[in-house]
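Below is one structure, written out as C-alpha cells; the observations come after it.
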Amino acid sequence: MQNVYWKRTTGTLIGAMWLYTLAGIAASIASAVNFFVNPSMLQDIMQSLMDGELPGKPGVGDMVEDVFNVLVLVGYYLFFRSLTRFSLLQKHAPDCDRVGRVRTAYILMVIALLAGFIPLIGWLAAFVLMIVAYAKMISGYAGLKKSPTFPEGARRGASTLFACSIWLLVGYVLGGIPVIGDIIEGLIAFVVFFVMLSAWGTIKAAAPDMTAEEEAAFRATEVPVHKQRLGDGLVAFFLTVFITRLFTFIYDISSLGFFYECVVQLIILGIFIWLLASLRSRLHVVSLIGLILILVNVLESIVVYSFIAYDPSSIPTLLGNAIINISMTVAYLAGMMLFVWGSYCSLGIKVTITAYVVLSEIVSRALPIVTSEFLSELEPEKINMVYRLTITAIAAVFLVLTFIFVSLWKKEPERTDATATYVHA
C-alpha cells in the first residue's frame, strides 16, 4: 500500500524549510542593513553591558531582525518534529540513526540561535554550536545517500542534501566576514534553499510501500493530534513570554511603550485562538470557560494599551486604573487556572503552569518593592536591570520545565475519562 505517512511527513518538512530558510535570509538582510544604518550598534551594546547598564533603545531594524530570528526558531522546531516522525518511518536501524544525526544538528542550531542572544560571549558559543551542527548534518546525509533500504530516488535526494549541507557550512563561515559576510551567506542560503526543496521533493516522491502491519505499528507510535496541539500551544506561549522578557532585558524598550505591549498581546491572542480552534472538540467545559477568560483578558489588555497610547489621559483616575488592573489580573489568573486544570494534560504540566502564573504575579508586584528596599544604594537603572534579569530567568526556567513535561506527557498512553464533559463542535 502507498506510504502516505512518508509523503505527509516530508511535505511538512518542506513547509518548515520555507519558514526557517526565508526567515533566516530575511534576518541576514536585516542585520546587514542595520549595520550600514548604525555601524557602531554592536560596540555600543557591549560597552553598555560592560558598564553594568542596559543597552540603548532598539531601532526598527533591531526589532525586525529579532522577529525573523524567532520565526527561524519556529521553523527549526517544526522541522525537528517532522524529522522525528520521519525517523520512525525508517525500516533500517542505521537509517533511523542517520536521520537522528540530522535531527540533532537542528537541535544544536536552535540552541545556537538562543545562545546568540547572550551578551558578550553568545556569538562565540553560537559559532561553535553551528559548526558542530553542520558536521552532524553532513554525517547524517552522507549515510542516507548510501542507504541500502532507501529507494533510488530517495538516495539521490539525500546525496543532494549532503552537498547542500557543505555549501551551507561554507556560507555560515563566510558570514563572519564584516559588512559583506551576511550578504554572501544570504545569497548562498537563497540558492541552496531551492536545491534542498527539490531534493526533499525527490525524497517525497520516492516513498516506499508500506504493509498493513507496518502502518499499524507506526500509528501506535504517533502522538494523538489533540495532545500535539495542546502541547505545542503551551510551549509556544512560554516561548513567547521568554523571548519577550529576554528582549526587554537586552534593550531599553521605553521608546516603544504600549506599541510593543500590543504586539506581544496580539501574538498571545493568536496562540490561544489557535488552541480554541484546534481543540474545540476536546475541551472540557471548565477548560473552555478558562480559555474564554484568557481571550477576554488579552483583548482587554490590547484595548487598554491602545487607548493609553492614543491618549494617556483616557484613564484619568487612580481608582479607574486600579479597577482595570484588578479585573485584568483576575481574568488572567482565573482563566489560566480553569483552562489548565480543566484540560486533559498531565499533572506535571498543570503544576508547572500554576507555579509560573502564581510566581510571576508575585514577582511582578513584589520584586520592584524588594529591590528598591534592599538595593537602594544602587542607581535606579541598575535596580531595573536586576528586576528584568530576574523575570527573564524565571521565564527561561519555566519554558524548559514546560517543554520537558509536555514531551513526557506526549509519550504517556492515552487515558479515557468517562465522566468528562467535552464541548463538541
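Keep in mind it's a predicted model, so treat the numbers as computed, not measured.
Inter-residue side-chain proximity for Leu187 and Ile184 is flagged as unmet; no heavy-atom pair is nearer than 4.5 Å. Counting heavy atoms from C-beta outward, Tyr332 and Val357 have side chains that approach closer than 4.5 Å. Here the side chains of Leu108 and Met130 are not in contact, with every heavy-atom distance at 4.5 Å or above. Inter-residue side-chain proximity for Ile138 and Ile166 is flagged as met; some heavy-atom pair is nearer than 4.5 Å. When side chains are defined from C-beta on, Leu291 counts as touching Phe272, because their heavy atoms get closer than 4.5 Å. Annotation: side chain of Glu412 is in contact with side chain of Lys227 (closest heavy-atom distance under 4.5 Å). For the pair Thr160/Thr202, no side-chain contact is recorded, criterion being any heavy-atom separation below 4.5 Å from C-beta on. Under the 4.5 Å side-chain criterion, counting only non-hydrogen atoms from C-beta, Tyr5 is in contact with Arg85.
Applying the side chain to side chain contact (heavy atoms under 4.5 Å, CB included) criterion to Ala207, with sequence neighbours excluded, gives Asn3, Trp6, Lys7.
Closest approach of Gly175 to Glu185, counting heavy atoms only: CA-OE1, 3.7 Å. Residue Leu168 comes nearest to Ala189 through the heavy atom pair CD2-CA, 4.2 Å, listed as atom of the first residue, atom of the second, then distance. Taking each heavy atom of Arg229 and Ser278 in turn, the nearest pair found is CD-CB, 3.5 Å. Here the closest non-hydrogen pair linking Ala133 and Ala105 is O-CB, 3.1 Å. The two residues Cys164 and Val195 have their closest heavy-atom pair at SG-CG1, 3.5 Å. Of all the heavy atoms in Gly335 and Leu293, the pair that sits closest is CA-CB, 3.7 Å.
Taken to the nearest 0.5 Å, the CD1 atom of Ile271 stands 14.0 Å off from the CG atom of Leu276. Put simply, CD1 on Ile292 and CG on Leu288 are 4.0 Å apart, with the number rounded to the nearest 0.5 Å. The OG atom of Ser87 sits 10.0 Å away from the CG atom of Asp97 when rounded to the nearest 0.5 Å. Expressed to the nearest 0.5 Å, how far CD1 of Ile391 lies from CZ of Arg245 amounts to 4.5 Å. Atom OG1 in Thr9 sits 12.5 Å away from atom CD1 in Ile203 (nearest 0.5 Å). Atom CG of Leu230 sits about 7.5 Å away from atom OG of Ser287, to the nearest 0.5 Å.
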**Report entry** Test log, rule side-chain contact (heavy atoms from CB on, under 4.5 Å), inputs His284 and Tyr344
**Finding:** CA-CA 8 Å; His284 191 282; Tyr344 42 83; over 6 Å; no
Please test Met137 against Tyr106 for side-chain contact (heavy atoms from CB on, under 4.5 Å), starting from the C-alpha separation and ending with a verdict.
CA-CA 8 Å; Met137 184 182 297; Tyr106 279 91; 3.4 Å; yes
- Message: Set out, in order, the CA-CA distance, both residues' side-chain angles and the distance that settles side-chain contact (heavy atoms from CB on, under 4.5 Å) for Thr240 and Ile268, then state yes or no.
- Response: CA-CA 7 Å; Thr240 301; Ile268 294 175; 4.1 Å; yes
For this session: Using the side-chain contact (heavy atoms from CB on, under 4.5 Å) rule, take Phe79 and Leu13 through it: C-alpha gap first, then chi angles, then the decisive distance, then the call.
Result: CA-CA 5 Å; Phe79 194 71; Leu13 285 172; 3.3 Å; yes
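Evaluated for a ring pair (Phe, Tyr, Trp, His ring centres under 6.0 Å) with Trp200, the options Phe194, Phe86, Phe193 yield exactly one hit, Phe86.
Checking side-chain atoms of Ser147 against main-chain N and O of Gly143 turns up no donor-acceptor pair under 3.5 Å.
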Compile the donor-acceptor pairs under 3.5 Å between side chains in residues 232-239 and protein atoms, sequence neighbours left out, one pair per line.
from, atom 1, to, atom 2, distance (Å)
Asp232, OD1, Tyr77, OH, 2.6
Asp232, OD1, Arg81, NH1, 3.3
Asp232, OD1, Gln228, NE2, 3.3
Asp232, OD1, Lys410, NZ, 3.4
Asp232, OD2, Arg81, NH1, 2.2

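Within 6.0 Å of the CZ atom in Phe80, the count of heavy atoms belonging to other residues, nucleotides or ligands exceeds 12. A 6.0 Å sphere centred on NZ of Lys136 holds no more than 12 heavy atoms belonging to other residues, nucleotides or ligands.
Under the 3.5 Å distance criterion, with hydrogens and angles disregarded, a donor-acceptor pair is assigned to the side chains of Thr354 and Trp341.
Ring centroids of Tyr356 and Phe398 are separated by less than 6.0 Å, placing the two rings close together.
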